[in-house]
Amino acid sequence: MSSSTRKEAPALIAPRFPILNLDERRLAPALGFIFDARWLLPGESIISILWKFARANGLPAHALVRLMGVDVDPYEGVEPIRAALDLKHLRRMLLLPGKVLRASLLDAGQRGRHHAVFRYCRQCTLLGHHSVTYQMFSENRCPAHRQKLETKCQHCGQETPYIINARLVGSPYRCARCGALYATRSPPAFATKPAMRKEHRIAISRHFHNRMAGSFHLGIDDCDL
Ligand SMILES: [Zn+2]
Ligand SMILES: [Zn+2]
């Protein structure tokens, strides 16, 4: 029998990162993950956070998706809404403040009011940013670059479901279908200085906080307006 169909097996593969001694069910701070909250802007989406986390720690996407919960199948994934995830568990795993994680996820009350496919600003992906607000129906342009938010890949014309699964998490800043970058090149590696211009960072932060003050209530999962 040929083994040419051997793809990424979801389980029982030897850890490829011996330094981390990867126990996918229980990744702990003791293992020495690195993540710096300064890499994030207010309202940075969970997908953007996971892209940065994977990149900084050399973690495979399926292992990272498994951190979303013990019952989560990494290939099927889980909806990026607060009610679908155990935030306490996520906080422990990703070592990020609860408010950063809550802000990165959509409200259950917004179900049906957010895009089911990944939606992006090309300039932002170039700089390694994706905001949770880009997934909302009410948003049409990036508050910093004023560019129209897009869903289709420029290369293959396909859209990618906005689900935390191995496919999307494993395709940072690129189309999960064909692998083409959404921007002209990959975002710069993590530096001490933010890649995005100050006025653009301010515009994104201000816009997110305005949204929070409006219909986007943090910490209230089933808000009715
Ligand atoms: Zn932008
Ligand atoms: Zn594509």
Side-chain angles (χ1 to χ4, degrees), residues 7-8 36-55 60-62 65 74-77 80 100 103-106 110 113-191 193-216:
K7 281 182 113 175
E8 286 179 296
D36 190 333
R38 286 174 299 182
W39 294 339
L40 307 174
L41 284 171
E44 189 116 4
S45 74
I46 187 73
I47 292 297
S48 194
I49 291 174
L50 293 176
W51 281 346
K52 288 177 183 178
F53 196 89
R55 214 171 139 175
H62 64 85
V65 176
Y75 296 91
E76 254 175 46
V100 171
S104 75
L105 296 160
L106 292 158
Q110 290 175 328
R113 286 191 284 139
H114 63 254
H115 288 264
V117 292
F118 180 74
R119 201 161 172 249
Y120 64 97
C121 159
R122 224 181 299 176
Q123 290 295 313
C124 281
T125 53
L126 182 65
L127 301 167
H129 177 67
H130 175 256
S131 171
V132 70
T133 60
Y134 300 170
Q135 295 304 127
M136 297 174 186
F137 273 154
S138 51
E139 305 288 310
N140 289 311
R141 286 182 187 275
C142 165
H145 305 105
R146 309 306 310 161
Q147 286 203 347
K148 234 177 140 113
L149 297 170
E150 300 174 61
T151 55
K152 286 185 178 152
C153 163
Q154 295 295 305
H155 186 72
C156 72
Q158 298 287 305
E159 298 176 319
T160 301
Y162 190 63
I163 297 278
I164 308 173
N165 60 17
R167 194 169 197 183
L168 182 54
V169 174
S171 312
Y173 319 105
R174 51 177 77 244
C175 169
R177 304 230 179 217
C178 76
L181 283 167
Y182 284 126
T184 45
R185 56 179 191 275
S186 262
F190 302 112
K193 264 178 72 180
M196 197 179 284
R197 282 160 62 178
K198 194 177 173 192
E199 63 265 34
H200 289 164
R201 280 183 283 135
I202 291 171
I204 284 175
S205 306
R206 188 171 291 158
H207 184 74
F208 177 70
H209 289 299
N210 287 344
R211 284 300 315 235
M212 276 172 56
S215 60
F216 189 53

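Atoms within a ligand are numbered from 1 in the order they appear, just like the ligands themselves.
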Sphere of radius 2.8 Å around the Zn ion (ligand 1) - protein N, O or S atoms inside: Cys121 SG, Cys124 SG, Cys142 SG, His145 ND1
For the residue pair Phe118 and Tyr120, categorise the inter-ring angle as parallel (less than 30°), tilted (30 to 60°) or perpendicular (more than 60°). parallel
Pair [X], [Y]: side-chain N/O donor-acceptor within cut-off below 3.5 Å:
{"X": "His130", "Y": "Glu44", "value": "no"}
{"X": "His129", "Y": "Gln123", "value": "no"}
{"X": "Gln154", "Y": "Glu150", "value": "yes"}

With sequence neighbours excluded, what pairs up with His115 under the ring-ring contact (aromatic ring centres under 6.0 Å, His included) test? Phe137
At what distance, to the nearest 0.5 angstrom, does OH of Tyr182 lie from OG1 of Thr151? 9.0 Å
About how many Å separate CD1 of Ile49 and CD1 of Ile164, when rounded to the nearest 0.5 Å? 9.5 Å
Under 3.5 Å, which donor-acceptor pairs do the side chains of residues 140-147 form with other protein atoms, sequence neighbours left out?
from	atom 1	to	atom 2	distance (Å)
Asn140	OD1	Arg119	NH2	3.4
Arg141	NH1	Arg146	O	3.0

What protein N/O/S atoms sit under 2.8 Å from the Zn ion (ligand 2), by chain and number? Cys153 SG, Cys156 SG, Cys175 SG, Cys178 SG
Heavy-atom side-chain contact between Cys175 and His155 under 4.5 Å: no
